[in-house]
There are 2 protein chains.
Amino acid sequence: MSDNDKALPPTAKSLKKSYCNDALPPIEEHTRQYETVRNAHETELIEDYVELIGDLISHRGEARAADIASRMGVSQATVSKMIRRLNELGLVTSKPYRSLFLTAEGQKMAETSRARHDIVLHFLRALGVNDHTARIDAEGMEHHVSNETLAIMQRFIDEQTKR
Amino acid sequence: MSDNDKALPPTAKSLKKSYCNDALPPIEEHTRQYETVRNAHETELIEDYVELIGDLISHRGEARAADIASRMGVSQATVSKMIRRLNELGLVTSKPYRSLFLTAEGQKMAETSRARHDIVLHFLRALGVNDHTARIDAEGMEHHVSNETLAIMQRFIDEQTKR
DNA sequence: CAAATAGTTTAGCCTTGGCTAACAATCATT
DNA sequence: AATGATTGTTAGCCAAGGCTAAACTATTTG
Ligand SMILES: [Mn+2]
Ligand SMILES: [Mn+2]
Ligand SMILES: [Mn+2]
Ligand SMILES: [Mn+2]
């Protein structure tokens, strides 16, 4: 019914509010938007844990539950429970009372997440956002940035840094 | 211990990976990042519901539970339960089996959310992201964009549209 | 090496946000 | 006005992700 995808009207009216109060998107498209967000929510905590574990291992030599808990700002019990989940998902290996290791799959996820996180963070800084704020925003935004947008962000960073 | 906030070294070394694999952020700052994300998660569904209800009212004349359910892509039972919550939070008023209305507070939240959502969406398009992708990304990103970043996005949009 | 401290796990509780199935109300059509 | 279709509600289930308290293990230190 609506043609949101095609060229914006060449004669935008108010330029400030031009296409913003368009009709609602068609139902199926609208639904898919919310669905995508719900799906992201299912994986984002997992990604953050795996990414943090990878960071702890590479920067500290090992990943201990207590460090995860204090970095995440949650209780050790919460971390312990989550580690069981990560184990079941095949992302980490752990022996009771010992520190954690990432499986091959876990390492892959850690790298991917870290790379994406870095692009978003660098993009925000390149855009002019204060480092502190950029870090906070990136931690949440990263899980909702498509590969398409990520590529554009990377291009933006490259252009900024080149000049 | 680290000074992430202050001026980046004027002689950045690799420019591609310069500050990305720095040491981990100091614990308290790191914790605050994750905390901020957790807080956003508590309010984001609420915001999406309220924003959608506002949109339905202004574009359709009324907000019915069935429309919310089909747009959100969830069951009517889920919507019914959520409406009770919105009611308890003082964001909507509703009589059984009738359509919904936003309270003054609800309207304020709807406007704020809608405005923020629009800025993020327009920003992504101005950046060169395809409309369809931009809509999907915006739906998730919007809840994790600080006011500081939002202002910068708005400035970017203005500059893009001016030239 | 024994005791104290630090780290980890388990048990049990809670809220949120999904679901299905059954029931209740409203609305539209004859 | 009766009936069937649509819409809304309730009950009861589940998983995720928090928490505290208590028990257990490992490490450090006297
Ligand atoms: Mn991350
Ligand atoms: Mn994150
Ligand atoms: Mn929104
Ligand atoms: Mn949203």
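Just so we're on the same page: letters track the sequence lines, and every chain starts at 1.
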| How would you label the contact of B/Ile83 with the nucleic acid (heavy atoms, under 4.0 Å): base, sugar-phosphate, or nothing? |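 B/Ile83: no heavy atom of the nucleic acid under 4.0 Å.
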For atom [atom1] of [X] and atom [atom2] of [N], their distance in whole Å:
X	N	atom1	atom2	answer
B/Ile68	C/dG18	CD1	C1'	16 Å
A/His41	C/dT16	NE2	C1'	13 Å
A/Ile46	D/dA15	CD1	P	15 Å
A/Lys95	D/dT25	NZ	C1'	16 Å
B/Leu89	C/dT16	CG	C1'	12 Å
B/Met72	C/dC19	CE	C1'	17 Å
B/Asn87	D/dG8	CG	C1'	14 Å
A/Glu44	D/dG18	CD	P	10 Å

| query | So which one's nearest nucleotide on DNA chain D is more toward 5', A/Lys81 or A/Arg64? | reply | A/Lys81
Which nucleotide sits closest to the side chain of [X]: [options]?
X	options	result
A/Tyr97	D/dT20, D/dT10, D/dT25	D/dT25
B/Arg38	C/dT9, D/dG18, C/dC19	D/dG18
A/Thr78	C/dT10, D/dC19, C/dG18	D/dC19
B/Ala65	D/dC19, C/dA21, D/dG8	D/dG8
B/Gln76	C/dC19, C/dT26, D/dT7	D/dT7
A/Arg98	C/dT10, D/dA26, C/dA21	D/dA26

| Minimum heavy-atom separation for A/Val92 to A/Ile83, with atom names? | CG2-O, 4.1 Å
| request: Return the minimal non-hydrogen interatomic distance between B/Arg116 and B/Glu142, and the atom names on each side. | output: NE-O, 3.1 Å
| query | Once the angle between the rings of B/Phe156 and A/Phe156 is folded into 0 to 90°, is it parallel (under 30°), tilted (30 to 60°) or perpendicular (over 60°)? | reply |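 Perpendicular.
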| message | Does D/dC19 have its OP1 or OP2 closer than 4.0 Å to a side-chain nitrogen or oxygen of A/Ser75? | response | yes
| query | Hey, are B/Asp131 and B/Arg135 close enough for a salt bridge, meaning a charged N less than 4.0 Å from a carboxylate O? | reply | yes
| message | Between B/Arg60 and A/Leu24, is there a side-chain heavy-atom distance shorter than 4.5 Å? | response | yes
